[in-house]
Amino acid sequence: MSEHDNGAIITAFCDAWTRGDADAIVAAFTDDAVYHNIPMQAIAGREQIDGFIRPFLATGSITFDTLRQVVDGDIVMNERVDTVVQGDRTIELPVMGVFELRDGKISAWRDYFDLQTFIGG
């Protein structure tokens, strides 16, 4: 069992997305973390994750609305609706997120969602 409050860590992480706080988002990952939006290619390593997150946040904003969250030791799963605003386009995207934590940092993050909903299909 973890000595960290992993539920609170993920809640703060999701709040950082809503604030658009790229520094806090990137700092939440281990150096060797893997971030995988399941319909797309996985991104490995904090530097590569940073290179994805900052440009994404520069194109608009995103709000994470967590509907449910379950913690089982170093695994946190949440069901969310992510609202992405890019210019005059708003997307409400149902998401299931799975987070693996190690020593209070995210070592793996997988988000499952419908890519067609995201791209507007």
Trainee: Any side-chain heavy-atom pair from F64 and I10 closer than 4.5 angstrom?
Mentor: no
Trainee: For residues I119 and I91: do they belong to one hydrophobic cluster (side chain heavy atoms under 4.5 Å, members Ile, Leu, Val, Met, Phe, Trp, Tyr)?
Mentor: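 Looking at the clustering, I91 is in the same group as I119.
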Trainee: Tell me whether E47 at atom CD has more than 12 heavy atoms from other residues, nucleotides or ligands lying less than 6.0 Å away.
Mentor: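 12 or below, so no.
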Trainee: List in chain and number order the residues that pass side-chain hydrogen bond (donor to acceptor under 3.5 Å, both in side chains) with D111, two or more places apart in sequence or in another chain; answer none if no residue qualifies.
Mentor: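 Residues passing side-chain hydrogen bond (donor to acceptor under 3.5 Å, both in side chains) with D111: R80, W109.
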Trainee: When rounded to the nearest 0.5 angstrom, what is the spacing between OG in S61 and CH2 in W17?
Mentor: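 Result: 11.5 Å between the selected atoms.
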Trainee: With a 3.5 Å distance limit and no angle check, can you tell me whether D72 reaches the backbone of I75 through a side-chain donor-acceptor pair?
Mentor: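 No.
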Trainee: What I want to check is whether the side chains of E79 and T66 have a donor and an acceptor closer together than 3.5 Å.
Mentor: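 Side chains of E79 and T66: no pair found under 3.5 Å.
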Trainee: Parallel, tilted or perpendicular, judged at 30° and 60°: which one describes the rings of Y35 and F52?
Mentor: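 Y35 and F52: perpendicular rings.
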Trainee: State, to 0.1 Å, how close P94 and F113 come at their nearest heavy-atom pair, and which atoms those are.
Mentor: O-CB, 3.5 Å
Trainee: Could you go step by step and tell me if S107 and E100 meet the side chain to side chain donor-acceptor pair (under 3.5 Å) rule?
Mentor: CA-CA 6 Å; S107 60; E100 298 177 28; 4.7 Å; no
Trainee: Can you check whether I25 reaches L57 side chain to side chain, under 4.5 Å on heavy atoms?
Mentor: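 Result yes, sub-4.5 Å side-chain heavy-atom pair found.
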Trainee: Mind running side chain to side chain contact (heavy atoms under 4.5 Å, CB included) on V81 and L67 for me, showing each step along the way?
Mentor: CA-CA 7 Å; V81 175; L67 306 175; 3.9 Å; yes
Trainee: If the threshold is 4.0 Å, N to carboxylate O, is there a salt bridge linking K105 and D74?
Mentor: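 Here K105 does not pair with D74 in a salt bridge, since their nearest N and O are not under 4.0 Å apart.
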Trainee: Do L93 and T83 pass the side chain to side chain contact (heavy atoms under 4.5 Å, CB included) test, and can you show the C-alpha distance, the side-chain angles, and the key distance before you say yes or no?
Mentor: CA-CA 6 Å; L93 186 66; T83 303; over 6 Å; no
Trainee: Could you tell me whether the side chain of L101 reaches within less than 4.5 Å of the side chain of H4, counting heavy atoms only?
Mentor: no
Trainee: If Ile, Leu, Val, Met, Phe, Trp and Tyr residues are connected whenever their side-chain heavy atoms lie under 4.5 Å apart, and connections chain through other members, are F118 and I38 in the same group?
Mentor: no
Trainee: State, yes or no, whether a side-chain contact exists between M77 and Q69 at a heavy-atom distance under 4.5 Å.
Mentor: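 No - every pair of side-chain heavy atoms lies 4.5 Å or more apart.
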Trainee: Return yes if some donor-acceptor pair links the side-chain N/O of D82 with the main-chain N/O of E92 below 3.5 Å, else return no.
Mentor: no
Trainee: Output, in order, the C-alpha distance, side-chain angles, deciding distance and verdict of side chain to side chain contact (heavy atoms under 4.5 Å, CB included) for H36 and V98.
Mentor: CA-CA 10 Å; H36 193 182; V98 179; over 6 Å; no
Trainee: Under a 4.5 Å cut-off applied to non-hydrogen side-chain atoms, are V95 and Y112 in contact?
Mentor: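 Not in contact.
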Trainee: Might you point out which heavy atoms bring A27 and R46 nearest each other, and give the distance in Å?
Mentor: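 In terms of heavy atoms, the two residues are closest at O-NH2, 4.1 Å.
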Trainee: Specify the closest pair of heavy atoms between I53 and F29, including all atoms of both residues, with the distance to one decimal.
Mentor: CD1-CE1, 4.1 Å
Trainee: With sequence neighbours excluded, what pairs up with R54 under the side-chain hydrogen bond (donor to acceptor under 3.5 Å, both in side chains) test?
Mentor: D23, D50
Trainee: Report yes or no: do F99 and V71 belong to one cluster of Ile/Leu/Val/Met/Phe/Trp/Tyr joined by side chain heavy-atom distances under 4.5 Å?
Mentor: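 Yes, F99 and V71 fall within the same hydrophobic cluster.
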Trainee: Can you name the nearest heavy-atom pair linking N78 to C14, along with the distance?
Mentor: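 Where N78 meets C14 most closely, the heavy atoms are ND2-SG, 3.7 Å.
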Trainee: Short question: side chain of N37, backbone of M40 - any donor-acceptor pair under 3.5 Å?
Mentor: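 Looks like no, no N/O pair under 3.5 Å.
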